Amino acid sequence: RAYASYVLALAGDENFVNPARNALSGGSADYASLLAALALVRGGYAVEGAPALAEAVKDRVWLTEPPFTFATPASQLGMTLYLLLDNNFRDEAVLHSLALELARQLRSDGGNWGTTQANAWAVLGLGIYAGRYPAAPLAATLETGGVKRELSHRETAALTAPVTLTNTGT
């Protein structure tokens, strides 16, 4: 019901309010409470949804077992990242943590997250994340034989002695 209330809020349908409030009436922070809180925020009831959203974020409810039969941990992380970003959530530490954990969920062959749902949510979440936090250009210094030089993007170097590589970027 919390997921449905978010979809209704997204569609501008006022029928989201009571289901969202009901989902929050249990008092415990879980994934449903995150979705219900985001529904209230999205639908214009931010004062009502913000405390439950803060509690769900504090408890990192996205790390719990997914409540949906179609969900996997990767799809839940991607959905969470997307929904938080889409609702102008600004805690960069939380967003960075979600993005990094989602990247870690990528299968070892690097091809995907295992299911169509997980792939869709992961790409959507990481795409929005990359738009808000674009990668910084490479900034590194290479030291070999006592000589330091700045490295440029995609530069190659033949290394014949021990080196020290320092990332001077972010």
Side-chain angles (χ1 to χ4, degrees), residues 1-107 110-137 139 167-170:
R1 302 196 130 256
Y3 182 74
S5 67
Y6 183 81
V7 172
L8 289 171
L10 187 62
D13 187 326
E14 283 295 317
N15 290 313
F16 79 91
V17 177
N18 285 334
R21 287 176 176 157
N22 289 341
L24 294 176
S25 66
S28 63
D30 58 13
Y31 202 73
S33 69
L34 174 74
L35 293 174
L38 285 168
L40 289 168
V41 169
R42 175 58 124 193
Y45 294 76
V47 170
E48 200 172 337
L53 177 59
E55 186 71 18
V57 168
K58 180 181 72 70
D59 289 351
R60 298 170 48 102
V61 298
W62 51 85
L63 296 177
T64 61
E65 187 66 28
F68 311 113
T69 56
F70 64 83
T72 65
S75 64
Q76 187 161 288
L77 286 167
M79 179 189 291
T80 303
L81 182 59
Y82 170 74
L83 292 175
L84 289 175
L85 286 164
D86 194 46
N87 285 282
N88 210 26
F89 186 78
R90 292 290 178 184
D91 187 332
E92 290 185 6
V94 169
L95 296 170
H96 294 325
S97 173
L98 276 163
L100 288 172
E101 184 56 35
L102 186 54
R104 281 189 208 96
Q105 295 278 329
L106 189 62
R107 288 178 28 172
N112 59 59
W113 284 269
T115 69
T116 301
Q117 292 278 349
N119 290 337
W121 281 116
V123 169
L124 186 60
L126 289 173
I128 299 295
Y129 176 82
R132 183 177 292 178
Y133 303 103
N167 179 1
T168 56
T170 55

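Both backbone and side-chain heavy atoms feed into the values below; hydrogens, waters and symmetry mates do not. Note that this is a predicted model, so its numbers are computed, not measured.
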Output for pair (M79 CE, L34 CG), nearest 0.5 Å, gives 10.0 Å
Heavy-atom nearest pair, G78 first then L102, reads CA-CD2, 3.7 Å
Interatomic distance, CZ@R42 vs OG@S5, rounded to 0.5 Å, equals 13.0 Å
If we count only N and O atoms by modelled type, under 3.5 Å, do the side chains of H96 and Y133 hold a donor and an acceptor together? no
CZ of R1 to CG of N18, rounded to nearest 0.5 Å, is 10.5 Å
Worksheet entry | Contact check, side chains of L98 and Y129, non-hydrogen atoms, under 4.5 Å | no
>> Please evaluate residues F89 and V57 with respect to the criterion side-chain contact (heavy atoms from CB on, under 4.5 Å), reporting the C-alpha separation (whole Å), side-chain torsions for both, the decisive distance (0.1 Å), and the verdict.
In response: CA-CA 11 Å; F89 186 78; V57 168; 3.9 Å; yes
Practice task
Taking the side chain as every heavy atom from C-beta outward, state whether E55 and S33 have any pair of such atoms under 4.5 Å apart.
Solution key: no
Between T64 and Q76 the two heavy atoms that sit nearest each other are O-NE2, 3.1 Å
Exercise for review: Test side-chain contact (heavy atoms from CB on, under 4.5 Å) on L81 and L124 and set out the steps.
Suggested key: CA-CA 9 Å; L81 182 59; L124 186 60; over 6 Å; no
Closest non-hydrogen atoms of L85 and L95, given as atom of the first, atom of the second and distance, are CD2-CD1, 3.7 Å
In short, A37 meets G49 closest at the heavy-atom pair CB-O, 3.4 Å
query = Below 4.5 Å, heavy atoms only, C-beta onward: do L77 and W121 meet side chain to side chain?
reply = no
Does any non-hydrogen side-chain atom of E101 lie less than 4.5 Å from one of R60?
no
- request: Start with the C-alpha distance between L24 and L40, add both sets of side-chain angles, then the distance that settles side-chain contact (heavy atoms from CB on, under 4.5 Å), and finish with yes or no.
  value: CA-CA 10 Å; L24 294 176; L40 289 168; 3.5 Å; yes
Please check this pair: side chain of N112 against backbone of N119, looking for a donor-acceptor N/O pair closer than 3.5 Å. no
Go through the steps for E92 and R132 under the test side-chain contact (heavy atoms from CB on, under 4.5 Å), then give the verdict.
CA-CA 10 Å; E92 290 185 6; R132 183 177 292 178; over 6 Å; no
Output for pair (L35 CG, L53 CG), nearest 0.5 Å, gives 10.5 Å
For A29 and D59 the tightest heavy-atom approach is CB-OD2, 3.2 Å
Value for CG (L10) from CG (D86), rounded to nearest 0.5 Å, stands at 7.0 Å
Applied to residues 30-63, the ring-ring contact (aromatic ring centres under 6.0 Å, His included) test, sequence neighbours excluded, yields F16-Y45
A36 and A20 have their tightest heavy-atom pair at CB-O, 3.5 Å
Quick one about Y82 and N87 (side-chain donor to acceptor, distance below 3.5 Å, no hydrogens or angles considered), yes or no?
no
Value for OG1 (T72) from CD (E65), rounded to nearest 0.5 Å, stands at 10.0 Å
